[in-house]
Amino acid sequence: MLHFGWISMNSLGAECTPLKWEYDKCFNHWFRENYLKGDTKSDPCAEIFQKYQTCVKNAMKDQGMDLTELEASILGTDKEKQTPANPKVSKDE
Amino acid sequence: MVWISSDKHVFSHSWEKVVEAALRKYPNPESPNVIGTDIIDRQIDKDGKLYSKRIISSIWSNAYTDFISKLIGLDVTKIVHAVEFSVVDPKQKVYQLTSQNYNFMDYIVVSEKLTYTPDKIDPSSTLLKQEWHVTCKNLSFTSYLENAMGTTMKTAAIRGRQGIEFVIAQVKEEVEKIASLDAVKEMQTIATNTLQEFSNIHQNMEDIGKNWEENLHEELNNFIKKNVQQ
């Protein structure tokens, strides 16, 4: 997909690629012209994002992708990294 | 056993420019192995932080991965997916990404953490900190594999940074084009140039991709030779 001379990546579901390109184009423009200039509230790409999400989630399901385990492991890592709120108290006890 | 390494790099561009390019990092000719990316979740919190979850699909088929496949009996040459969690904090000017492989998690976990902040010494530049963790389990030769995979990751990371520079140049060109826009003329030019440009880019990426693979083959072959001898 050309955005004034540049291309976007494909989606993992070939049928979702046109929706993804449309969304990327919308997002890139919003990110540069709104988000980075301090307008974080506007959401002009919501509608196309929803369509793209429906498509890509179905494609993931078709390909047997389930991220539950991975997300749990990453969340688990964060948990492990957290230090106890007050480690000294338990030591003194 | 875990293999850990880290690196730093300074981009001579503003934080905003680097983050915009990093978000649009793919495709770039330095990462020919990446064949697809998908955002699967994206939210903004009340402070304006942008959270994204992305799947990156790539093919790592080369002499090295073919060798690893034979060695460990896992086919790592088909399409593999990685999952990336990222947060853009526009107020604090921090862009942080954590990514991890999705396939083969029972055997090898390669994770990468990237943090982009304005450089303290020169705030008009951007500092990138990179960290890698490689953990192998349920496999023989684990420490050898961890080292080998880690080295591959670092090589890819250098290419990745060159890729960001490439995208910054692209974005700059795009902005300049829009700024000097004579809308109708621009659209006509784009329409006529589209096919030509597409085939040029494609050819260019193929050429660079080939060179990249050839270099990587050589590096890895040397690496393997050296390690086998030791």
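All chains are named by letter (A, B, ...) in the order of the sequence lines, taking the proteins before the strands, and each is independently numbered beginning at 1. Please read all numbers here as calculations on a predicted model, not as lab measurements. All heavy atoms count here, side chains included; hydrogens, waters and symmetry mates do not.
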With rounding to the nearest 0.5 angstrom, report the [atom1] to [atom2] distance, [X] to [Y].
X: B/Glu16; Y: A/Lys37; atom1: CD; atom2: NZ; answer: 11.0 Å
X: A/Asp66; Y: B/Tyr102; atom1: CG; atom2: OH; answer: 6.0 Å
X: A/Ser11; Y: B/Ile40; atom1: OG; atom2: CD1; answer: 11.0 Å

What heavy-atom pair brings [X] and [Y] nearest, and what distance separates the two atoms?
X: B/Asp38; Y: A/Leu12; value: OD2-N, 2.6 Å
X: A/Tyr35; Y: B/Pro90; value: OH-CD, 3.1 Å
X: B/Asp41; Y: A/Phe49; value: C-CZ, 4.3 Å
X: A/Lys41; Y: B/Lys46; value: NZ-O, 3.8 Å
X: A/Met65; Y: B/Ile55; value: CE-CD1, 3.9 Å

Can you tell me if B/Thr37 and A/Lys20 form a side-chain donor-acceptor pair at under 3.5 Å?
yes

Counting heavy-atom pairs under 4.5 Å with chain A, which one of B/Asp47, B/Val19, B/Val88 comes out on top?
B/Val88

Crowding at CD, B/Gln92 (>12 non-hydrogen neighbours, <6.0 Å):
no

A/Glu47, CD atom: more than 12 neighbouring heavy atoms under 6.0 Å
no

For A/Arg32 and B/Arg24: C-alpha separation, side-chain torsions, deciding distance, then whether side-chain contact (heavy atoms from CB on, under 4.5 Å) applies.
CA-CA 11 Å; A/Arg32 180 172 60 225; B/Arg24 298 167 57 166; 3.8 Å; yes

Treating A/Gln53 as the side-chain partner and B/Ile39 as the backbone partner, does any N or O pair qualify as donor plus acceptor under 3.5 Å?
yes

Is it true that the NZ or CZ of B/Arg42 lies under 6.0 Å from the centre of A/Tyr23's six-membered ring and within 45 degrees of the ring axis?
no

